[in-house]
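Single-structure report; data block below.
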Amino acid sequence: MKKSLFLVTLGAVALLSATAIAGTLDEVKSRGKLNCGVSSGTAGFSAPDAKGVWQGFDVAFCRAVAAAVLGDPMKVEFVPTTGQTRFTALASGEIDVLSRATTWTFSRDTDLKLTFAGTNFYDGQVFLVKKELGVSSAKDLNGATVCIQSGTTTELNLAEYFRINKMTYEPVPVDSSAEGERQYQAGACDVYTSDGSNLASVRASFPNPSDHVLLPEIISKEPLGPIVRQGDEQWADIVHWTESALFAAEELGVTKANVDQLADGSDNPEINRLLGKEGDLGKMLGLDAEWARRAIAAGGNYGEIFATNLGDQTPIRLERGLNALWTKGGLMYAQPFR
């Protein structure tokens with residue numbers, strides 16, 4: 001039944017997306033702000049701070065797009081979405097870009113008629129349990145109650161993993177990461193399963209994080225990244241190349257601190273093209289020459305954004321791993337700016 005509901009949802013979103021009108025760049029400029037879909041609150045990725053200002057990895061990406069397009073990284077309206085509302089919000093035009101933990105899959109790319117603009121975070125699904133349970137492997141979870149977000153690939157991965165390993169479980173459906181955290185802490189489930197980065201964020205918020213264990217098994221591939229509506233290639237290019245500009249900036253040593261200086265001219269031709277000193281790359285996107293310069297200045301290059309929101313000096317304490325540059329053993333790779 002749940003799988004059927006999932007497929008019905010795919011069909012409904014596809015119908016909405018098929019009627020979407022191209023011209024997002026003009027709409028954003030006319031409106032004077034970017035509408036960005038984010039999670040309903042995940043520390044390190046997207047959550048309001050004590051002053052009500054949205055902060056996080058996914059937030060920083062939308063601020064970079066706003067800086068590139070509107071000249072101001074603060075001209076963003078953040079719209080909280082859940083696993084069940086995110087695609088409808090995008091397909092209906094309520095948001096211009098979806099920047100939250102959303103996995104690039106075949107059916108979402110094709111049947112939903114949405115366009116994934118790239119992968120900016122490689123993740124995988126894992127399990128979080130209380131240390132007192134004495135569980136050291138996911139293979140020990142037969143018969144467990146499991147908190148799981150509805151309408152997600154996580155839900156389907158969970159079912160497949162238990163079926164393949166001939167185990168049973170009792171699902172405890174939740175609508176958001178915050179609800180999953182509450183239910184898990186309240187004892188409504190033995191296990192909470194989600195992307196590893198999300199569970200690292202959840203565990204970091206606990207009074208005693210060391211009382212909770214992330215089991216070693218990674219049961220899925222979760223390439224995450226920004227999404228736009230299909231049919232507006234100019235907007236998809238803007239979102240994709242803004243993301244790539246952040247990757248390229250890290251590789252080329254362009255930082256928030258030195259971007260203005262390097263924009264005046266460099267001995268590296270690719271830096272000059274990236275920052276608008278040479279060539280017409282901005283014009284090809286329908287933007288001005290300094291679009292990438294502004295995007296990088298908004299929150300720094302990709303490595304700076306990762307370190308600020310998720311790195312060793314944050315409560316999340318994530319290692320770069322697959323999210324390191326390709327030159328440092330990771331998968332992050334920008335296409336050439338030429």
Side-chain angles (χ1 to χ4, degrees), residues 36 38-39 41-51 53-67 73-74 76 78 99-103 118-126 128 177-178 181 192 194-210 212-216 218 221-226 242-259 292 295-334:
C36 173
V38 291
S39 71
T42 304
F45 286 89
S46 57
D49 63 16
K51 296 181 180 179
V53 179
W54 283 84
Q55 307 288 351
F57 178 88
D58 295 331
V59 168
F61 177 77
C62 277
R63 293 205 190 281
V65 174
M74 300 308 291
V76 186
F78 292 100
S99 181
R100 73 185 300 280
T102 301
T103 305
T119 298
N120 63 14
F121 197 94
Y122 289 94
D123 211 339
Q125 184 173 336
V126 299
L128 179 69
S177 176
E181 178 182 340
Y192 185 16
S194 185
D195 294 344
S197 61
N198 181 50
L199 293 183
S201 171
V202 167
R203 185 172 66 167
S205 70
F206 292 163
N208 297 298
S210 61
H212 305 266
V213 178
L214 289 170
L215 299 181
I218 300 175
K221 294 179 293 185
E222 307 293 333
L224 312 177
T242 298
E243 175 186 85
S244 291
L246 302 179
F247 297 151
E250 182 181 7
E251 182 178 340
L252 295 168
V254 181
T255 68
K256 185 174 182 178
N258 68 18
V259 64
I296 297 162
N301 61 41
Y302 179 80
E304 290 178 292
I305 290 171
F306 191 103
T308 297
N309 297 286
L310 305 172
D312 289 341
Q313 303 305 309
T314 72
I316 313 302
R317 297 177 63 90
L318 287 181
E319 296 181 359
R320 289 288 293 268
L322 295 178
N323 297 301
L325 291 178
W326 67 287
T327 54
K328 297 183 178 179
L331 299 178
M332 291 307 177
Y333 192 112

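- Arg63 approaches Trp54 most closely through the heavy-atom pair NH2-O, 3.0 Å.
- In plain terms, the two heavy atoms of Val202 and Ser177 that are nearest each other are CG2-OG, 3.7 Å.
- Under the 3.5 Å distance criterion, with hydrogens and angles disregarded, no donor-acceptor pair is assigned to the side chains of Ser46 and Asp58.
- Listed here is the closest heavy atom pair of Ile316 and Gly44: CG1-CA, 4.2 Å.
- Put simply, the residue from Ser194, Ser201, Ser205 that forms a side chain to side chain donor-acceptor pair (under 3.5 Å) with Glu181 is Ser205.
- Nearest heavy atoms, Ala248 versus Ala334: N-CB, 3.8 Å.
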inquiry  = What verdict does the side-chain contact (heavy atoms from CB on, under 4.5 Å) test give for Asn198 and Thr42, after you've listed the backbone C-alpha separation in whole Å, the side-chain angles of each residue and the deciding distance to 0.1 Å?
reply    = CA-CA 7 Å; Asn198 181 50; Thr42 304; 3.3 Å; yes
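- At a cut-off of 3.5 Å, with distance as the only test, no side-chain donor of Thr327 or Glu251 sits close to an acceptor on the other residue.
- The side chain to side chain donor-acceptor pair (under 3.5 Å) check on Asp49 picks up Gln55, with sequence neighbours excluded.
- Judged purely by distance below 3.5 Å, without hydrogens or angles, the side chains of Asn258 and Thr255 pair a donor atom with an acceptor atom.
- With sequence neighbours excluded, the residues that form a salt bridge (Lys or Arg N to Asp or Glu O under 4.0 Å) with Arg320 are Glu250.
- Closest approach of Phe61 to Ser99, counting heavy atoms only: CD2-OG, 4.0 Å.
- Residue Ile218 qualifies as open at atom CD1: its count of foreign heavy atoms under 6.0 Å is 12 or below.
- Atom CZ of Phe206 has more than 12 neighbouring heavy atoms from other residues, nucleotides or ligands inside a 6.0 Å radius.
- Across all non-hydrogen atoms, the minimal contact from Asp312 to Leu318 is OD1-O, 4.0 Å.
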Report, one line per pair, each donor and acceptor closer than 3.5 Å where one atom sits in a side chain of residues 295-303; sequence neighbours left out.
residue	atom	partner	partner atom	Å
Asn301	OD1	Gly303	N	3.0
Asn301	OD1	Glu304	N	2.9
Asn301	ND2	Val254	O	2.9
Tyr302	OH	Asn120	O	2.8

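- Not one N or O on the side chain of Asp123 forms a donor-acceptor pair closer than 3.5 Å with the backbone of Glu222.
- For the atom pair Phe57 CZ and Asn323 CG, the distance stands at 7.0 Å (nearest 0.5 Å).
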inquiry  = Let's go through Tyr192 and Leu199 carefully: what are the C-alpha distance in whole Å and the side-chain angles of both, what is the deciding distance for side-chain contact (heavy atoms from CB on, under 4.5 Å) to 0.1 Å, and is it a yes or a no?
reply    = CA-CA 8 Å; Tyr192 185 16; Leu199 293 183; 3.6 Å; yes
query = Taking it one step at a time, do Trp326 and Leu331 satisfy side-chain contact (heavy atoms from CB on, under 4.5 Å)?
reply = CA-CA 5 Å; Trp326 67 287; Leu331 299 178; over 6 Å; no
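- Two residues are said to be in side-chain contact when any heavy atoms from C-beta on lie closer than 4.5 Å; Thr103 and Pro223 meet this criterion.
- No side-chain donor-acceptor contact under 3.5 Å links Thr119 to the backbone of Phe121.
- At distances below 3.5 Å, at least one donor-acceptor pair connects side-chain atoms of Arg203 with backbone N or O atoms of His212.
- Judged purely by atom type and a 3.5 angstrom limit, Thr308 has no side-chain atom pairing as donor or acceptor with the backbone of Ile305.
- Counting heavy atoms from C-beta outward, Asp195 and Leu224 have side chains that approach closer than 4.5 Å.
- No side-chain heavy atom of Phe45 sits under 4.5 Å from any side-chain heavy atom of Val38.
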